[in-house]
Visitor: 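Starting off with a structure, shown below.
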Amino acid sequence: MSLVLVKKVGLPALVCAELQKMKRCQMLLVGFIALALCPALQLGTQYVVDESVRNPNFDLLALFDSVIWGNAQVFLPLSFTLIGGYWISREITDDTLKNMLTVPVSFPRMIAGKLLALMLLSVLFGLYSCVMTLLIGGAAGLARPDTGVLIGRCAQNIAICACTCAVTLPIIVLFGRTPGAYLGGAVFAFFCGYSILFFKSGPLRSVYPFLAPFSIVGFDTANFNGAKEPANIVLSALSMLAMLALTAGLTLTSKPPERTSHKAAHGQKTGQRR
């Protein structure tokens, strides 16, 4: 049924079909578990570190800041590349791609539909992360800041989730279109995310793609990576645009495995004979 809609409507219906298929995707549990673990780990760190480096004023706002940093550094790049790469790769490994190509749905369009669905999922992840942070921080009895400040941090968290998803898209396409390679993409994304610790000044601080989301949403990273100067938001925005352009280029030039293409072509000829 969804394939018929794809043929009539195009990309929007393909995105809707991908959102429906999320219900059966167990890989989503990776993201939900990771985003629930982040605030618990950040809070637990305050109880185990030495008192000399412990934050005596650790409140709910400080927990949100730590969660935003931890998510963007480790949990989000890893989760997005695992989920997005798996979505693309499974169409090849489960041998369902040949059916989509016969409809016809082109391989680049299929990838585009999955990436757009993943961007929508990133907003849901941001909301979920905010809820988990509020629940864990409230259960720990952390002091609450003003409601307006708290809403601002929630908005930053959601925005950084979406922007981090955007910068991982080229990695997802590059590794996802090769069957089974998405695990390597997750490792590479983890390395890229962790590397934000090392860009503290100069133009690289602004143009490094995994730091760009912080600059765009106005999040100060000085307390986490020791940044020595503010980032240039124009360079950060250009970096984000470059990643989106790279994603578009990789998507448009993606081709299905040769074996799958032959099967799809055979299916189209059989349908024409009938």
Side-chain angles (χ1 to χ4, degrees), residues 1-35 76-77 79-131 155 157-179 182 185-186 240 243-257 260-261 263-264 267-268 271:
M1 181 177 179
S2 62
L3 293 180
V4 175
L5 290 174
V6 169
K7 185 177 180 181
K8 291 181 179 179
V9 181
L11 191 58
L14 185 56
V15 174
C16 291
E18 291 299 330
L19 293 175
Q20 292 175 359
K21 289 193 289 184
M22 284 184 190
K23 302 174 184 177
R24 305 188 301 271
C25 181
Q26 295 182 350
M27 187 64 75
L28 288 179
L29 292 175
V30 173
F32 285 114
I33 292 173
L35 294 180
L76 289 175
S79 298
F80 286 138
T81 48
L82 275 176
I83 295 170
Y86 172 75
W87 281 354
I88 298 172
S89 180
R90 73 175 179 180
E91 300 291 357
I92 303 171
T93 56
D94 293 352
D95 211 22
T96 56
L97 179 59
K98 65 179 185 297
N99 297 326
M100 301 186 71
L101 296 177
T102 305
V103 169
V105 177
S106 67
F107 192 57
R109 176 179 288 188
M110 182 206 74
I111 292 177
K114 293 180 182 295
L115 297 183
L116 289 175
L118 186 65
M119 286 298 300
L120 294 176
L121 178 65
S122 70
V123 177
L124 175 61
F125 274 1
L127 290 169
Y128 172 77
S129 176
C130 291
V131 171
N157 193 16
I158 296 169
I160 284 185
C161 280
C163 291
T164 302
C165 181
V167 300
T168 60
L169 294 182
I171 301 175
I172 292 170
V173 177
L174 186 61
F175 287 87
R177 62 187 183 180
T178 302
Y182 67 93
M240 287 283 297
M243 295 300 284
L244 293 175
L246 179 60
T247 301
L250 290 172
T251 301
L252 292 173
T253 57
S254 295
K255 296 181 180 179
T260 305
S261 301
K263 286 184 178 181
Q268 289 177 339

Visitor: I'd like to check L174 versus Y182 (side-chain heavy atoms, cut-off strictly below 4.5 Å). Are they in contact?
Guide: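 No, side chains not in contact.
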
Visitor: Where is the tightest heavy-atom contact between G176 and I88, given as atom of each residue plus distance?
Guide: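 Taking G176 first and I88 second, the nearest heavy atoms are O-CG2, 3.4 Å.
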
Visitor: When rounded to the nearest 0.5 angstrom, what distance separates OG1 in T253 from CZ in R177?
Guide: 5.0 Å

Visitor: Under a 4.5 Å cut-off applied to non-hydrogen side-chain atoms, are P77 and T164 in contact?
Guide: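 The answer is yes, as the side chains (C-beta and beyond) meet within the 4.5 Å cut-off.
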
Visitor: Over all heavy atoms of both residues, which pair between P170 and M243 is shortest? Give the atoms and the distance, please.
Guide: CG-O, 3.5 Å

Visitor: Less than 4.5 Å apart, any side-chain heavy atom of L121 and any of W87?
Guide: yes

Visitor: Between S129 and G126 (side chain of the first, backbone of the second, donor and acceptor by atom type, cut-off under 3.5 Å), is there such a pair?
Guide: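 No.
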
Visitor: If every non-hydrogen atom of A166 is compared with every non-hydrogen atom of L244, which pair is closest and at what distance?
Guide: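 Minimum heavy-atom contact is CB-CD2, 4.1 Å.
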
Visitor: Side-chain contact, heavy-atom cut-off 4.5 Å: T251 with T247?
Guide: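 In short, these two side chains touch, coming nearer than 4.5 Å.
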
Visitor: Side chains of residues 27-35: which donor-acceptor partners sit under 3.5 Å, not counting sequence neighbours?
Guide:
none

Visitor: Are any side-chain N or O atoms of S89 and backbone N or O atoms of G85, one a donor and one an acceptor, separated by less than 3.5 Å?
Guide: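 Side chain of S89 to backbone of G85, a donor-acceptor pair under 3.5 Å: no, none is there.
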
Visitor: Heavy-atom distance under 4.5 Å between the side chains of K114 and V173, does that happen here?
Guide: no

Visitor: List the steps and the verdict of side chain to side chain contact (heavy atoms under 4.5 Å, CB included) for F80 and V167.
Guide: CA-CA 10 Å; F80 286 138; V167 300; over 6 Å; no

Visitor: How long is the span from the OG atom in S122 to the CG atom in L169, to the nearest 0.5 Å?
Guide: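 Going from the OG atom of S122 to the CG atom of L169 covers 8.5 Å.
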
Visitor: Given side chains that start at C-beta, do those of I92 and F107 come closer than 4.5 Å, heavy atoms only?
Guide: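 Yes, their side chains come closer than 4.5 Å.
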
Visitor: How close do L118 and G84 get, heavy atom to heavy atom, and via which atoms?
Guide: CD2-CA, 4.1 Å

Visitor: Between T168 (side chain only) and C165 (backbone N and O only), is there a donor and an acceptor less than 3.5 Å apart?
Guide: yes

Visitor: Looking only at non-hydrogen atoms, find the nearest pair between V15 and G113 and report the distance.
Guide: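 For V15 versus G113, the nearest heavy atoms are CG2-O, 3.8 Å.
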
Visitor: With a 4.5 Å limit on heavy-atom distance, are the side chains of L76 and C161 in contact?
Guide: yes

